[in-house]
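Shown next, in structure tokens, is the structure this report addresses.
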Amino acid sequence: IAIEVERMHRPVEELMRKLSIYKADNRVYQKVVYITPHNNVAKSITEAAKRIGFERFDIVPPMNEFGPTKQPMSWFI
């Protein structure tokens, strides 16, 4: 499984290139999970996947212990 966090919009062509890599390697990447808080990003991912015939993906919103959140995504290490 691959997990991608998309925080900003990317061109559909760029997403198509990335998804093509996942599509080509079914053994390692049986599924791709995208995490994004933005509907327009989710639509671009879906469009890119549709154009290349890739179906092994899900798109989910950021979550916390209470479920989906609308809070900005921040990451601390």
Between Lys18 and Val32, is a side chain to side chain contact (heavy atoms under 4.5 Å, CB included) present by the stated rule, with each step listed? CA-CA 11 Å; Lys18 187 182 287 189; Val32 181; over 6 Å; no
Do [X] and [Y] share a hydrophobic cluster, counting only Ile, Leu, Val, Met, Phe, Trp and Tyr and linking them when any side-chain heavy atoms are less than 4.5 Å apart?
X     : Y     : value
Val60 : Val41 : no
Ile52 : Val28 : yes
Ile1  : Ile35 : yes

Suppose we screen for salt bridge (charged side-chain N to carboxylate O under 4.0 Å, His left out). Which residues come up paired with Glu55, at least two apart in sequence or across chains? none
Thr36 side chain to Ala42 main-chain N or O, any donor-acceptor pair under 3.5 Å? no
Sorted by chain and residue number, the ring pair (Phe, Tyr, Trp, His ring centres under 6.0 Å) partners of Tyr22 (sequence neighbours excluded) come out as Tyr29
The complete set of ring pair (Phe, Tyr, Trp, His ring centres under 6.0 Å) pairs with one or both residues in residues 39-63, sequence neighbours excluded, reads none
Tyr34 vs Thr46, side chain to side chain contact (heavy atoms under 4.5 Å, CB included): CA-CA, chis, key distance, verdict: CA-CA 10 Å; Tyr34 276 93; Thr46 301; over 6 Å; no
Rounded to the nearest 0.5 Å, what separation is found between the OG atom of Ser44 and the NE2 atom of His9? 3.0 Å
Mind checking the CD-CD1 spacing from Glu4 to Ile45? Nearest 0.5 Å is all I need. 8.5 Å
Go through the structure and list residues passing side-chain hydrogen bond (donor to acceptor under 3.5 Å, both in side chains) with [X], not counting sequence neighbours.
X     : value
His38 : none
Lys31 : Asp58
Asn26 : Arg56
Arg17 : none

Pairwise salt bridge (Lys or Arg N to Asp or Glu O under 4.0 Å) hits with a residue in residues 32-49, at least two apart: Glu47-Arg51
